Amino acid sequence: MWRLDQKVALITGASRGIGRAAALALSRAGAAVVINYHRSCDAAEQLLGEIEVSGGRGLIVQGNVALYEDCERMVRLSLEHFHKIDILINNAGINRDNLLIRMKPEEWREVVEVNLTGMFNATRAALRPMLKQKSGGRIINIASIAGIYGNSGQANYAAAKGGVIAFTRSLAKELGSRGITVNAVAPGFIETEMTAALPAALREQALKNIPLARFGKPEDVAEIILFLAAAGSYITGEVICVDGGMML
Amino acid sequence: MNIEERVKAIISEQLEVPLDSLTAETTFEEIDADSLDIVELVMALEEEFDLEISDQEIENIKTIGDIVNYIESRI
C-alpha cells in the first residue's frame, strides 16, 4: 500500500507504545527510522533488532526532548547516519495525572516541558535540514483527544496537548509554501503502558463510552501516522482523532 | 568572486531569480522574498561565509547591498 522507500523518519519517544508501533509501521513501508528514547534503552535496542531482522534500517539515539541540545544532537546524528530527514514524528510524551487542586507545580512543568516544549525543540532542530533539502517533508505531532475535549485529572496533559494542536496549525501555515505538511493525530484510549496504569474502574467507565467497544491499539494510531507520512499530500494543519468514536 | 558576487549568486540560486537582474540596490520586496525566504537565504549565507547573522541584523536587511556591507564588516 503506502510506501516510504528512501525516506528517513525521526521518531521521538519511539521505544514504547505508539512511537514503537509507528517505527515498525514506517519501517515496514521502507523508511529508515531514527529511534529516539529517553530511558528505555533495552526497549529501543529490542525494537531496532526487530526492524533489522525484517531487513529494515534504523538508528538509536538517546535524548530527552525537553532539552534543546539533546534534540540538536538527535538531528545531527540522524544526518550523519542517513544524510537527511524527511519525516519528523513528535511522539515523546508523559503524563502526571492529578486533580488540579493537588497538582504539584513540577507535575505541571514536567508535562508541559516534555509534551509541548519537547515538540518545539525537536521541530526547531529538524526544520533547518528539512528546509535546506528543498524536498518538502512531513511533520506529524501526537496530540490527544484530551487536548480537544479536556479531561478531569489531566489539566496539565490536556493543556500541553491542546498546545500541540495550536502549534500544528500555526506551523502548517508557516511551512505550507515549502511543501512541508504538519498534522496532528489525537488518540483516544489506547492500550499502552501509559493507560495500563489507570485504575480498573476508570478503564471500565471509559470502555462504555467507546462505540467501537474496544480500546485502541498502538497499531491503530500507527496506521494513521503512516497514512499522513506516506499519503495525505493535500492535508495540512489537520487533527485526526483515532478514538473509536469515544467523543461522539 | 568578490563578496557581492558571491551573495548575488546565492540569492539567485536560493530565490530562483536571474543573476543579471540583481544589483546592490535590489530590495527583497522587489524580488518577492517573503520572511521565510529571507530566513532560508540567511541560512545559506551563514554557511557560505561561516558566520552567524543575528535575528536583529536580519531585520535591518532591506537590500542586497545591506547584506554585502554587513558581511564585509564581519570578515
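Just so it is clear, the model here is predicted, and its values are computed rather than measured. Reminder, nothing fancy here: chain letters follow the sequence lines and each chain counts from 1. What's counted below: heavy atoms across the whole structure, side chains too, no hydrogens, waters or symmetry copies.
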Take A:R178 and B:D37, measure what side chain to side chain contact (heavy atoms under 4.5 Å, CB included) needs, and give me the verdict at the end. CA-CA 10 Å; A:R178 300 306 188 271; B:D37 285 323; 2.6 Å; yes

In the structure I gave you, are the side-chain heavy atoms of B:L36 and A:E174 within less than 4.5 Å of one another anywhere? no

Exceeds 12 heavy-atom contacts within 6.0 angstrom, atom CD of B:E13: no

Stepwise salt bridge (Lys or Arg N to Asp or Glu O under 4.0 Å) test for A:K132 and B:E40: CA-CA 8 Å; A:K132 272 176 62 182; B:E40 287 182 303; over 6 Å; no

Counting only heavy atoms not in A:K173 (residues, nucleotides, ligands), do more than 12 fall under 6.0 Å from its NZ? no

Within a radius of less than 6.0 Å around CD of B:E16, do more than 12 heavy atoms belonging to other residues, nucleotides or ligands occur? no

Can you confirm whether more than 12 heavy atoms, excluding those of A:R3, are under 6.0 Å from its CZ atom? yes

